[in-house]
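Below: the structure, in structure tokens.
So that the names make sense, note that chain A is the first sequence line, chain B the second, and so on, each numbered from 1.
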Amino acid sequence: MQAASEPIQELKLVGICKRFPGILACDNVSLEVKRGEVLALVGENGAGKSTLMNILAGLYQPDSGTISLNGEAVHFKTPNAAFAHGIGMVHQNFMLVPNLTVVENVALGSKNLHRFMNLDLNGARRRIKEISEHHELPVNPDAYIWQLSVGEQQRVELVKTLCFGAQLLILDEPTSALTPQETDDLLARLKRMTAELSIIFISHKLNEVKALSDRVTILRHGAVVFNGTTADHTPAELAALMTGHEVTLPRNESHDQSTEVILSVKALRARGDRGNLALDGLDLELRAGEVLGLAGVSGNGQRELADVLAGLRPVESGTIHFQGKNLTNHSPRRMIEAGLGYIPEDRHHEGIVPSFSVQDNLVLKDYASPKFSFSCFLKLGEIERNAESLRECFDIRCSSTSVATGSLSGGNIQKVILAREIARCPKALVAVYPTRGVDMGAQEFIHTQLLARRKEGVGVLLISEELEEIMNLSDRIAVIYKGRILKVLPAAIATREQLGLLMAGVVNE
Amino acid sequence: RAKVRVALIVESTVDDKGWCQAMHDAIKVTQKKYGNALVEYSYSEKMKPVDAGSAARQYASKGFEIIICHGAQYKNLVLEMAEEFPKTSFAFGTSADIGPKNVFTYMPESEQTGYLNGIIAGLVTKANVIGNVGPVDGGDSARYNRGFYLGVKSVNPKADIKLAYTGSFGDFVKAAELAHTDIKAGADVLTGASQQATGALRAVAEYRDKNIWWVGQDTSQLAMSESFKVIAAASYDYTAIVEAIIAKREAKVLGGENLPLNFANGGFTYKFNEKVGPVLTPAVRKAVGAAEKDMKAGKLPIAWKEVKF
Amino acid sequence: MNSGGMIYNILSLGVPFSVALLVAALGENFNQRAGIFNLGCEGIMSMGAFLGFLPAFFIKTGPLAAHVNLLGFVFAMAAGALLGLLFALVTVTFRASQGIAGIGLQMFGWGIAGTLSRHFVGGVTGVEGVPAWAIPGLAKIPFLGGVLFNHNPVVYIAFLMVPTSWYLLFRTPWGLKVRAVGTYPRAADTMGINVNRVRYQALMLGGAMAGFAGAYLSLCQAKMFADDIVAGRGFIAVALVYFGRWNPVGILGGALLFSLAQTLQLSIQVGGIKFPYEFAVMLPYVLVIVVLAFTRKARMRGPTELGKPYNREMRV
Amino acid sequence: MNKIKLLYRLGVILTAALAAALVGAMVLTAIGASPIATYTTIFTGPFADKYGITEVLVRAIPLILVGLGIAISFRSGILNIGAEGQILMGILASTAMALAFPGAPKVILLPLMFMAGALGGAFWGGIAGFLRAKLGVNEILSTVMLNYIAAQFYTYLLRGPMIDSNELLTGSGTPQSMRLPKAAWLDRIVPETRLHAGLILALVLAFCVYSLLWRTTWGYRLRAAGAEAKAARYAGVHVERSLITAMLLAGGFAGLAGAVEVSGVHHRAIEGISSGYGFSGIVVALFGGLHPAGIVPAAVFFGVLLVGADMTQRSAGVPANMILVLQGVVILAIVSAKMYINNAYALERFARFFRRSGTAKIPRSVKTGGQP
Ligand SMILES: Nc1ncnc2c1ncn2[C@@H]1O[C@H](COP(=O)(O)OP(=O)(O)OP(=O)(O)O)[C@@H](O)[C@H]1O
Ligand SMILES: Nc1ncnc2c1ncn2[C@@H]1O[C@H](COP(=O)(O)OP(=O)(O)OP(=O)(O)O)[C@@H](O)[C@H]1O
Ligand SMILES: [Mg+2]
Ligand SMILES: [Mg+2]
């Protein structure tokens, strides 16, 4: 699909309804985008944003309602039809085939490159070059997707969508996995693109919404609850409109230093999935009752560090001491038993068993403890009671605790994991990107919980790319770069600029 | 004579050009001879032992007088059912045991046919290499293979007999592969028992213009398009057994006998294939004829049990 | 016989024997690359073997008589494609569990071939089949000529299918779609690929190839038809796809390994053995497992969504 | 809504049944057999008398046992298609055990025999589990190959070391073991039929498997490893060990099925005992939703299909291969229907369609309460 024949002057959705079994995902939604405009679409997890956009992109069929382009009613039966009208979408989960290269991914969707018994990869390469130069989105066309970092994949997604000739770009949480720099870059680029395109932008970060969008539409429970010009409202107001109440992200104000080291890592070396030395002599100390923020651009060893701590990745050399005991290269089970809690990055496949019920997932690590089993028999009643009480405590929104956990929204899945890890009363908690893709309300909740654990004396290792989050919550901040800790600073004196430089590998004396 | 109802239970199909078809054909011949009104016939194919149990029970409860379970794997079932249905005659083979009073057993003494085929193979081979495509080493084919060995040795002690097994009664393709392997290894006369042998014969037929020959264990091979390779073939003729069972039943003997199948009692037929031409020399005919005559007279005991491969 | 001669025999017999497994596995590879696990390969092969044999059986005279084998292969492939279509209907459109549906298809194909052959042919019967055709010139090369260039023409076609499959899979738009659809169907869908259509096509192609493999058995290898002529080769073909790690070249390796081991064990038996023959018969099966277990594992590049039906509406 | 749901399901089942019947009828007509007679025989034949019903249950016993094992392995993330080979190993082991202690009393011999059968099968399944867990050999490949290997090993033993010495003596040479001592026979629970006490064992074990999978920490581990290996590993489950355990259990059940067949039906090891139960067991397990409560009825249904279809040979003159066609068609139709029955999205669409057309047809007078 090359550029559509006619530029999009105006897109209108009127009265869109979409029902999934048991839930009304879009409830009579109407909205409108004009040429060159950025419309922000915000709302809590599960508000129906992605569903609405998938309808616009031709992936879902609305139950009722109409879409019109330039005043003419259109009907997108397939994503192809949407492309043909110049609508391109960057989905919330990357829509890139991991075992294909970047060019192949682009060529896959570019039907004009499909020759009989021959694939015009060079044509695709040219097109990628053209687009990436034009929009300053550098990508390596011959890399396999699985080799790319999350940020790079995001760029590829964007280039891919633009290669398909999008004139209206739908971006579903494009920044949720990006580093601050990458986010700033992306926003700047998008701003420039508005000269040629219209954009619908979905994000849970209201400052981004504020920075980029012209107008904002807020969805709640599938229905539009607010429609207005961004400039007229502050992020706080938008947050209140979105959740129905004031949202204030908690801050760690005390900064008092405890001295008891609970987890100590020395000269740790470990390999990444691609065989590279992802951790290269890393030293780190986590104290009881502190939040240690680990800042860094993703791909510098954060994931591997978390894996190693959880016992999921072998250590080549170096030691891990937990509460004074050497636990280097111990099994996950031993780490769990020793009292290490872990909120993993990949919540859908690592943090939960999607087909298991919420009840079952809440005892994923403790099903064999005397509390939930007697000899080898599970105490089903106890497991259910546990789930009910955690559900209440952690405000997990689900129709019942016996539904499959995979069917919950991202924020609620995160709450399930958090509830489980916290209820286990760990001595130390490793939290990897705990609020990625989670709405404001849930974010507030998660932060509050982490700080509460800190108060109870738990050592929290918070791995995040959000400087905001790290600076808000941490007592000390460590910066990781190329598998080593570059520097550890007290949070009280750390500044954004300083951290930014460190994350880029620049150590100033 | 009274009407009799005969049921047949087979493991493969009644058109397999082999083991099962031989019995089926025999019953058909008997039926034709006595008339449809006098012999009612029904069969069940592809019967695993457990299915055979159901089928046999159904036949017995429907009043079939004679139930032939054509395979030694049905032995158990027959012995068990015989107690339950004492008025029904059962028959199974191959077996040399004497069964209970309402069970006939039958045993093709196939070392005899193997011996005749062996004589031909031993005389015809120029390379002194003979291939034998075996299914598995058990039942009547074990007897056949040993008889064949003795037959060859009786006329050509120097001949090398390459015996190999496919491990399956019904894998035609593998039998063909094995036949090709034999031929590549120099064999110029081949034989083989059970239905899979058809695959081997088909493979032999591919060497149309070469002097490579087949001696068969089923006369229906003489009617196949590959027959130009078949020098001679033996066949089981169960007609005598079927008729014997019917007759004995009429005489109130429901079983308790072993009915062997051999040249002496007409249980085997043996045919030369005139179409193969000069390879079938008078010397061959003579040697085979003499041996057959001796067997018919019971003068040629074949010590197949002594043969150890 | 000297060992050189034995090796020559094993190679020159093993190569043509590998064809049915090779082609069926290459076909199954297309199915699996598109994300569909087709255990019904065996049934499709039976049907292919039957229909491939049918023209040669019926048409003995007349103008078509010269082309019966070609006709047979066409019929077999058409029937295979049809059964592939049926399987696609069940597993792609109805999204039925592929494991059971495969067993169902196996019974169905096998049963129909047997039933129709009983009715229209009536028993085990041979046909003329496809004769050998030595490639002029090449067949004269010592050793290699006999091993590679002195077979029936279908063998050459089958071996050409290896690079062709590879090219189709890795160098054409359709192959790209197939690989995408088997790995991340939702991504393919959002890029405007009709996931179901691609899966239908892959299943029909795979079916046609399985039909071809069946016809090879009845027309080139056994030159006869009997209802259980396939005798489990369909299942082995499925297993070989795993052996080859979803790559046509690896599958070729697996098919050759299996058939050469097969001829090797037959040769060993023919050469005279001093141990129970059953152990010789086991050899190819054991060898395939052992070789796979002790080769170094490459990064899995296979279809990660294998066996999972795709539903655009369903939340992942 | 519930009425609509019922209607929807009924519709799906009827459509599938009709489609299956039609395809079968086409083939039947082509070969000149009567479809009606055939179908009537399949579905009423087995219920005509005591024999039919008990024979159905006789078939259901091994199917339940194999199905339970398959359910365990599939739930644990292993596609085990090696039950056929595992059954054979179970038969060998249990037969050897029974023949080794011919004088032992029943209460000792039967448990010993079943234990041996289960161990034999478990050993064979365990090989596939080990190959998968430790050497990364795909289980589909290994189980397919192991089936053939087991088949050869089976004939080797029955033809050689384990052959009934009587067979050698008389020269029959049939590959079969000696007859088991009476103490190794399972009791018949309905006189004059072949229905044996294995049924009780199978039902008890079905309950045990349910408890194992859903009530114990073991089962929890197995299911977690099968449903999402990454998460299970993260939660401290040793996934490799769990794969091996699952294959041991699956193989054990298949082996036990073999032992029960020998002890209950055949009373000696002969060829053809497994009669395809390894594959039918997969179908039964998946039909039954990989849950014992589904597997038991699915096994009985499949038993009806097996027995009824066999009867058509005799009652309707249908050739044996036609039975395969009918079974294949029924399987294809049922799996298709099953997916639709459980598809909430399709039900939702149907309900919406039904409501729309439904409301349009209801006359206003009725709605406003006018008495007709
Ligand atoms: N394919 C589906 N099948 C069933 N329910 C769905 C499906 N997709 C979405 N839903 C439900 O519809 C509602 C809206 O989901 P949607 O993904 O649109 O939310 P969202 O606003 O994008 O949330 P988030 O911010 O977490 O991405 C949720 O309750 C979700 O559970
Ligand atoms: N698949 C597995 N993954 C992880 N750990 C396992 C696994 N199987 C067993 N274990 C662990 O090995 C040990 C012995 O196993 P076993 O099932 O006998 O335990 P147990 O003493 O009965 O305790 P449990 O209550 O955990 O069942 C236990 O610590 C158990 O948790
Ligand atoms: Mg969303
Ligand atoms: Mg335990």
Side-chain angles (χ1 to χ4, degrees), chain C residues 37 39-40 43 86-87 89-91 93-101 103-120 227 232 235-236 238-243 245 254 276-282 284-286 288-289 292-294 297 300 307 309 311 313-314, chain D residues 16 23 27-28 30-32 74 79 81 127 131 134-149 151-157 159-160 279-280 282-283 285-287 318-340 343-345:
Chain C
F37 172 60
L39 210 50
L86 171 69
F87 197 65
L89 182 74
V90 171
T91 58
T93 302
F94 300 149
R95 303 192 188 96
S97 153
Q98 296 169 12
I100 340 185
I103 296 175
L105 185 69
Q106 182 242 331
M107 293 180 169
F108 183 68
W110 185 20
I112 290 222
T115 308
L116 295 184
S117 98
R118 160 69 60 87
H119 195 71
F120 294 108
D227 65 350
F235 291 108
I236 293 173
V238 173
L240 288 180
V241 175
Y242 289 89
F243 184 93
R245 297 213 165 84
Y277 72 87
E278 285 92 348
F279 293 99
V281 177
M282 283 177 203
Y285 308 100
V286 176
V288 164
I289 296 182
L292 192 57
F294 293 103
K297 308 281 170 308
M300 213 282 264
N311 183 347
E313 293 234 295
M314 198 89 84
Chain D
V23 174
V27 185
L28 284 168
I31 57 164
F74 276 44
L79 286 168
I81 49 181
I127 294 178
L131 285 169
K134 302 287 180 193
L135 297 170
V137 177
N138 183 288
E139 71 275 10
I140 293 182
L141 179 125
S142 61
T143 46
V144 164
M145 299 295 161
L146 284 168
N147 281 347
Y148 289 97
I149 298 172
Q152 288 307 319
F153 189 62
Y154 190 75
T155 28
Y156 162 66
L157 284 189
R159 201 178 56 76
F279 285 102
S280 318
I282 299 177
V283 176
L286 290 166
F287 271 174
V318 170
N321 278 317
M322 189 61 214
I323 294 163
L324 282 173
V325 177
L326 295 175
Q327 283 172 353
V329 167
V330 169
I331 289 175
L332 289 173
I334 292 184
V335 270
S336 304
K338 209 170 156 236
M339 282 322 279
Y340 265 93
N343 186 334
Y345 295 83

Point-to-point distance, once rounded to the nearest 0.5 Å, from OG1 of Thr91(C) to CE of Met339(D):
11.0 Å
Value rounded to 0.5 Å, distance of OH in Tyr156(D) from CE in Met282(C)
9.0 Å
Is there a side chain to side chain contact (heavy atoms under 4.5 Å, CB included) between Leu292(C) and Asn138(D)? Walk through the geometry before answering.
CA-CA 9 Å; Leu292(C) 192 57; Asn138(D) 183 288; 5.6 Å; no
Only pairs of heavy atoms separated by less than 4.5 Å count here; which of Gly114(C), Gly109(C), Gly40(C), Gly307(C) has the most with chain D?
Gly114(C)
Heavy-atom pairs under 4.5 Å with chain C: which of Leu79(D), Val330(D), Val144(D) has the most?
Val144(D)
Atom group of Phe74(D) that falls short of 4.5 Å from chain C, counting heavy atoms
neither
If one checks every heavy atom of Ile31(D) against chain C at 4.5 Å, the contacting part turns out to be both
Trp110(C) side, atom CH2; Gln327(D) side, atom CD - distance, nearest 0.5 Å:
10.5 Å
Between CG of Leu141(D) and CZ of Phe235(C), what distance do you get to the nearest 0.5 Å?
14.0 Å
Would you check if the side chain of Tyr345(D) reaches a backbone N or O of Asn311(C) as a donor-acceptor pair within less than 3.5 Å?
no
So, for Gly111(C) and Leu324(D), which heavy atoms are closest and what is the spacing to 0.1 Å?
CA-CB, 3.7 Å
Measure Asn343(D) against the heavy atoms of chain C and call it side chain, backbone, both or neither at under 4.5 Å.
side chain
How are the rings of Tyr148(D) and Tyr285(C) set relative to one another: parallel (under 30°), tilted (30 to 60°) or perpendicular (over 60°)?
parallel
Residues in side chain to side chain contact (heavy atoms under 4.5 Å, CB included) contact with Ile331(D), at least two apart in sequence or another chain
Ile100(C), Met107(C), Val283(D), Phe287(D), Phe302(D)
Contact summary for Arg159(D) and Pro276(C), nearest pair of heavy atoms:
NH2-CB, 4.4 Å
Which atoms of Arg95(C) approach chain D - backbone, side chain, both or neither, heavy atom under 4.5 Å
both
When Ile236(C), Leu105(C), Val238(C), Leu240(C) are compared by non-hydrogen pairs under 4.5 Å with chain D, the top option:
Ile236(C)
Report the option among Val325(D), Leu286(D), Asn321(D) that has the most heavy-atom pairs separated by less than 4.5 Å from atoms of chain C.
Asn321(D)
Spell out, as yes or no, whether a donor-acceptor pair under 3.5 Å connects the side chain of Thr115(C) to the backbone of Met322(D).
yes
Which region of Val23(D), side chain (C-beta onward) or backbone (N, CA, C, O), has a non-hydrogen atom less than 4.5 Å from a non-hydrogen atom of chain C, or is it both or neither?
side chain
Under the salt bridge (Lys or Arg N to Asp or Glu O under 4.0 Å) rule, what pairs show up with a residue in residues 139-148 of chain D, not counting sequence neighbours?
Arg132(D)-Glu139(D)
Separation of Leu131(D) CG from Ile289(C) CD1 (nearest 0.5 Å):
6.0 Å
Region of Leu86(C) in contact with chain D, defined by heavy-atom distances below 4.5 Å:
side chain
Counting only heavy atoms closer than 4.5 Å, note whether Leu332(D) contacts chain C via side chain, backbone, both or neither.
both
Of Phe153(D), Tyr154(D), Phe279(D), Tyr340(D), the largest count of non-hydrogen pairs under 4.5 angstrom with chain C goes to Tyr340(D)
Counting only non-hydrogen atoms closer than 4.5 Å, does Ile81(D) touch chain C with its backbone (N, CA, C, O), its side chain (CB onward), both, or neither?
side chain
